[in-house]
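Here's the structure, in structure tokens; my notes come after.
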Amino acid sequence: MTQKPVMHSAHWGAFHAQQSGDQLTIEPFKGDPDPSPLLQNFRTALNHPARVSRPMVRRGWLEDGPGPDQRRGNDEYVAVSWEQAYELLTRELKRVGDTFGPEGIFGGSYGWSSAGRFHHAQSQVHRFLNTTLGGYVRSVNSYSSGSASVLLPHIVGDMNEIARRGVSWEEIAQHSEIVIAFGGLALKNSQVASGGLSEHTERSFIQQAAQRGTRFISVSPLKSDLPEEAKGEWLALRPGTDAAFILGVLSVLIDEKLTDEAFLSRYTVGWPEMVAYIRGEEDGTRRDAVWAAEICGVSATFIADFARQLSGKRVLVTVAHALQRSEHGEQPVWLGLVLAAALGQPGLPGGGYTYALGALGHYGKHHNLVSFPALPQGKNGIDRLIPVARISDMLLNPGKPFDYNGRRLTYPHIRLAYWAGGNPFHHHQDLARLRQAFCQLDTLIVHEIAWTASARHADIVLPATMTLEREDIGGAPTDRHLFAMQPVAQPHGEAKDDYTIFAELARRLGREEAFTEGRDTRGWLKHHYAQLQQKLATHQVEIPDFEQFWQQGVLELPQLKDGGRMMNAFRADPDAAPLPTPSGKIEIYSATIASFDYENCPGHPVWREPQQKPDADHPFWLIANQPATRLHSQLDFGDYSLSGKRDGREVCSLNLDDAASLGIQDGEIIELYNQRGHVLASARVTDTVMPGVVQLPTGAWYDPVDPTALRPLCRHGNPNVLTLDIGTSSLTQGCSGQITVVQVRKYTGELTPVQAFIPPQS
């Protein structure tokens, strides 16, 4: 049966979809000038064998009851009816809630899930736990920007103001003379945005800027981190040494009197302390170009020439998510701001500092006049939290104290974790350790569309609808189109949407009205749309009623052109428009951070040696960056994601010279390993990766040959088997999974087929 095309939306674009049998025909939104190929991952996803079709319970949990269990990740599953599943869930939620209270429950659900604003899985879980069980232990920040989101408010302002409103692509195309992109401007990243992205315009603006004469410089170990349209320069530093490089550049600017002292005096605090550190007055170590060259792997002459070329130019400094996803990741983020300030650029059109430009399709865009309402999450009855990337630490070390942003906190003892719409076995590091952490729980509950590694470690797995199987509204604060996400297909098997599941559980726990407020899904969509109408009406803007919107499928919203608003106002009058920092200025030295007395993140930016560096046993840097063929690990079984693999395995890129020295040919299976585990991948031999570096993207579903192994072998290519699970610093406790060190060799062992998309035994 062939259905008529309907409008829908995803994090990587809006589209019309038409179902014919088990396949979909996808037609991108006509207003999108550069549609994302990720849309093709939907084509055969609806009824893929990896889908979860019935409620399933892990055999060990069903037979022995709740409790820590080493069989997680290596057990059979038993199919149950929805009635049985609801009974088991209600009983367990009541047991944990009555015995341990909200302090015993972790509301995980870190993940993107649906672009729809109502069926936002994280909001659904949190609303359920707040309204039904009185609250939960929460996580804060993100794996992507955990360091920057804590640091930036101390030194300049809220991350969203810096990243989303720091500078517009239009400004860059019109005004920027030099764009220094620490971590690059990879278009594979900016083609996605939470809530949806109807117009991919980054490529066009980069092209316009390059044609006008903008000089793009990508500072990255990967040439692919800058699109060809930029006609840019590739500066390959040793991974993780950007902070040392910037210190070397600053030393040249200081010595040759190329800094904007008037700007630094009026708009910043702490420049004298920074100069003293660079000159070695603090500890006797002079951080000049010669010092930096030895660390970064480029010459002192190059660093000096680089610094001189910035003087007198309209310079934009941007720092990618990638740099702060590594040990001491706060430092390059902070130093990027210092470099922009030393050049006197903040607040100038097309100049200054921005964070994460190109990391998401949100950034560099104009904002809507008003935002679409979010599902209210209710009030959490407790204030217990962890930084999101510290989940293994929490589960393995209940009661242990830890530092975070000036606070001394303790890890709670979690008995039950409730997850929907996320896959921690994608996001997290050191997967063998993560497995051990999940084995400490009494119960792990997961809503999932498919048998991800997280679902395979759960005690109760509930089949969830995917976005194509339900109705919603898609939109984002920086997207001028609002979309009616009309259902494309009926739910797979016995799948239900998260809201339906939670509403039934809330009913059984006597809290249905608190959770639903008497509304079904359509009722909530109409309610949120009416709120949008009211917000726009205060600006004398009228939009069609809900029924007309739903029928036409798309609505264009008014926008503001206010990129750089905070910094522009600050530059114009720092007394009338101070920054939201303790001093009201850019804080090159932060007295607040200094007062925390963290050796690994003092009061001004510094260079700190990482504990991970190549040595004789592990001579290669591994860059575990974002994939180009999927969003995180979503739909890894989709057509476009599979097209980027070779014989079903993820592809690892390594330099031509390194491959020759190892005797590795293009297309051969290689093994990457360190003390945490082993990973297999297909070798891509290339000159687009600097020598001494191998690159393996994240997102291949974890597929260990032996799930119980302390040093597992993933035959599919998940780099987080190898990455180190430590916080970036005591200040932010961010994720440090972007960079690690490994050994590489041609694989000579038994080669078994990838089984990541085959459901577990039941």
Side-chain angles (χ1 to χ4, degrees), residues 55-73 75-109 124-139 377-386 391 394-399 410-420 424 437-448 454-455 457-464 496 498 500-516:
M56 305 290 275
V57 181
R58 187 174 62 81
R59 183 176 294 281
W61 191 92
L62 188 63
E63 294 178 352
D64 301 333
D69 193 340
Q70 289 294 320
R71 291 171 290 183
R72 287 197 178 98
D75 204 352
E76 295 179 347
Y77 282 84
V78 178
V80 298
S81 67
W82 271 106
E83 178 60 29
Q84 290 172 293
Y86 283 136
E87 285 183 12
L88 291 169
L89 278 164
T90 304
R91 188 187 316 144
E92 180 61 357
L93 289 167
K94 195 170 189 314
R95 179 189 77 84
V96 174
D98 291 348
T99 308
F100 305 106
E103 291 87 353
I105 300 170
F106 182 65
S109 299
Q124 293 282 348
V125 176
H126 296 169
R127 178 178 176 84
F128 170 73
L129 295 175
N130 283 335
T131 59
T132 306
L133 297 173
Y136 61 97
V137 176
R138 72 190 195 277
S139 63
Q377 297 184 17
K379 180 173 175 53
N380 194 335
I382 62 170
D383 182 23
R384 294 295 300 274
L385 63 89
I386 63 164
I391 181 170
M394 173 184 71
L395 297 178
L396 291 168
N397 302 291
T410 57
Y411 290 122
H413 192 163
I414 299 299
R415 314 291 178 147
L416 180 148
Y418 209 130
W419 221 283
F438 276 130
C439 286
Q440 310 310 308
L441 290 165
D442 284 1
T443 302
L444 174 60
I445 303 164
V446 168
H447 297 191
E448 253 301 355
S454 299
H457 286 78
D459 301 304
I460 301 175
V461 183
L462 302 180
K496 300 178 184 290
D498 300 317
T500 298
I501 296 169
F502 286 134
E504 177 59 21
L505 289 172
R507 185 187 70 79
R508 291 170 182 249
L509 291 165
R511 300 288 294 166
E512 181 180 15
E513 178 60 29
F515 178 72
T516 67

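Residue numbers start at 1 and run along the sequence shown.
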Quiz item: With distance as the sole test, does Arg384 use its side chain to make a donor-acceptor pair with the main-chain N or O of Pro102 at under 3.5 Å?
Solution: no
Quiz item: Of all heavy-atom pairs between Leu444 and His457, which one has the smallest distance, and what is that distance?
Solution: CD2-O, 3.5 Å
Self-check item: For the student: nearest non-hydrogen atoms of Ala417 and Leu441, plus distance
Solution: CB-CD1, 3.9 Å
Practice problem: Output all residues satisfying ring-ring contact (aromatic ring centres under 6.0 Å, His included) with Tyr77, sequence neighbours left out; order by chain, then residue number. | Solution: Trp451
Quiz item: Does a side-chain heavy-atom distance below 4.5 Å link Ile414 with Met394?
Solution: yes
Quiz item: Do Glu87 and Thr90 have a side chain donor and acceptor closer than 3.5 Å?
Solution: no
Practice problem: Only counting residues at least two apart or in another chain, list the ones meeting salt bridge (Lys or Arg N to Asp or Glu O under 4.0 Å) with Arg91. | Solution: none
Quiz item: Side chains of Leu416 and Glu92: closer than 4.5 Å at any heavy-atom pair?
Solution: yes
Self-check item: N-O pairing of Asp75 and Arg58 below 4.0 Å
Solution: yes
Quiz item: Do Leu396 and Gln440 have side-chain heavy atoms sitting under 4.5 Å apart?
Solution: yes
Self-check item: Any side-chain heavy-atom pair of Val446 and Tyr418 under 4.5 Å
Solution: no
Which pairs of donor and acceptor atoms, one on a side chain in residues 503-510, lie under 3.5 Å apart (sequence neighbours left out)?
unit_1, atom_1, unit_2, atom_2, d
Glu504, OE1, Arg507, NE, 3.1
Glu504, OE2, Arg507, NE, 3.4
Glu504, OE2, Arg507, NH2, 2.7
Glu504, OE2, Arg508, NE, 2.7
Glu504, OE2, Arg508, NH2, 3.4
Arg508, NH1, Glu83, OE2, 3.3
Arg508, NH2, Glu83, OE1, 2.7
Arg508, NH2, Glu83, OE2, 3.4

Quiz item: Are Arg72 and Phe438 in a cation-pi contact, defined as NZ or CZ under 6.0 Å from the six-membered ring centre and within 45° of the axis?
Solution: no
Practice problem: Please report the closest heavy-atom contact between Ala420 and Asp498, naming both atoms and the distance. | Solution: CB-OD1, 4.2 Å
Quiz item: Aromatic ring centroids of His447 and Phe502 under 6.0 Å?
Solution: yes
Quiz item: Heavy-atom distance under 4.5 Å between the side chains of Pro424 and Ser454, does that happen here?
Solution: yes
Self-check item: Closest contact, heavy atoms only, Thr131 versus Ala514
Solution: CG2-O, 3.8 Å
Practice problem: Could you check Tyr136 against Phe128 for ring pair (Phe, Tyr, Trp, His ring centres under 6.0 Å), going step by step and ending with a plain yes or no? | Solution: CA-CA 10 Å; Tyr136 61 97; Phe128 170 73; over 10 Å; no
Practice problem: Any chance you could lay out the salt bridge (Lys or Arg N to Asp or Glu O under 4.0 Å) test for Arg59 and Asp459, step after step, and finish with the verdict? | Solution: CA-CA 8 Å; Arg59 183 176 294 281; Asp459 301 304; over 6 Å; no
Quiz prompt | Any donor-acceptor pair under 3.5 Å from Asp442 side chain to Pro66 backbone | solution = no
Quiz item: Stepwise, does the side chain to side chain donor-acceptor pair (under 3.5 Å) test hold for Trp61 with Thr443?
Solution: CA-CA 8 Å; Trp61 191 92; Thr443 302; 3.0 Å; yes
